[in-house]
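Beneath this line is the structure, given in structure tokens, with notes to follow.
This chain uses plain numbering: 1 for the first residue, then up along the sequence. Counting starts at 1 for both ligands and their atoms, in listed order.
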Amino acid sequence: MLSKKLKEKIENLKKETFALFPESKTELKYENNFQLLIAIILSAQTTDKQVNKATKNLFQKLKTPQDWVIMWENKIRNYVKTLWFYKNKAKYIYQTCQILSKTPFEKYTTLEQLTLLHWVWIKTAKVFLAVTQDAPLLAVDTHVHRVLNRVWIVKTKTALETNNKAEKIFTENDNAKLHHSLIFFGRYHCTARNPKCKQCPLTKICDYYNKKN
Ligand code: SF4
């Protein structure tokens, strides 16, 4: 059971983040759902801009898992070497594509099925389903983790911990829209360094702000 104060914070957060970022959606560039999954895998610890740069030419050539398997792991490495953990990413993308070249990708439609694939963590799968199916899931990335802790909706040390708490706090109705607006709020407004507190409508409920002022 959530306290009245926490419920009010959540309502405020939803209202203001929706108002600030009403049209937010993924900034990853892709032509089909398979490419989107690859882009999300590549985006771990990396910005969407960097991923788009790396995949710009790559996605023109590689549109299916079979295309990637033919390319081999070493060649994939060359294309993504500007990204963090590129060796692991190339390795697991190759292994994932080997599986997907034998089983139709369309069969992977749930969190449980998607997380069976290599390097597809719960966050990756949630982002994928939120984007492709508008699924009522809140993917907790570094931005969402930071924002929820700053306004003290959760008090956690890791994104995984935040994810577990958020699953109990937010309802399905909240999640569908909140996913994108919270990520944008953390990415462009409540940034890790120099958050835009002076223009923020959440100062009253923000513990981070109130401790500093
Ligand atoms: S007041 Fe500052 S720290 Fe708090 S939510 Fe707004 S931008 Fe983030």
- Query: Of all the atoms in ligand 1, which lie at a distance below 4.0 Å from a heavy atom belonging to Tyr209?
  - Reply: 1 (S)
- Task: Evaluate the side-chain proximity of Gln113 to Lys107: yes if any heavy-atom separation is below 4.5 Å, no if none is.
- Result: no
- Task: State plainly whether the residues Glu167 and Lys126 are in salt-bridge range, i.e. N to O under 4.0 Å.
- Result: yes
- Numbering the atoms of ligand 1 from 1, which are under 4.0 Å from a heavy atom of Tyr208? 3 (S)
- Query: Would you say Cys197 has an N, O or S atom lying under 2.8 Å from atom 4 (Fe) of ligand 1?
  - Reply: no
- Item | Arg150: numbered ligand 1 atoms lying under 4.0 Å from its heavy atoms | 3 (S)
- Salt-bridge contact Lys5-Glu8 (side-chain N to carboxylate O under 4.0 Å): no
- Result of checking Phe34, Phe105, Tyr30 against Phe128 for ring pair (Phe, Tyr, Trp, His ring centres under 6.0 Å): Phe105
- Message: Quick test: of every protein heavy atom, which one is nearest to atom 4 (Fe) of ligand 1, and how far off is it to 0.1 Å?
- Response: Cys206 SG, 2.4 Å
- Task: Using a cut-off of strictly less than 2.8 Å, determine whether Cys200 has an N/O/S atom near atom 8 (Fe) of ligand 1.
- Result: no
- Where is the tightest heavy-atom contact between Asn149 and Val154, given as atom of each residue plus distance? OD1-O, 3.2 Å
- Should you measure from each heavy atom of His189, which atoms of ligand 1 turn up under 4.0 Å away? 7 (S)
- Point-to-point distance, once rounded to the nearest 0.5 Å, from CZ of Phe184 to OG1 of Thr26: 7.5 Å
- Query: Of all the non-hydrogen atoms in the protein, which one sits nearest to atom 8 (Fe) of ligand 1, and at what distance?
  - Reply: Cys190 SG, 2.4 Å
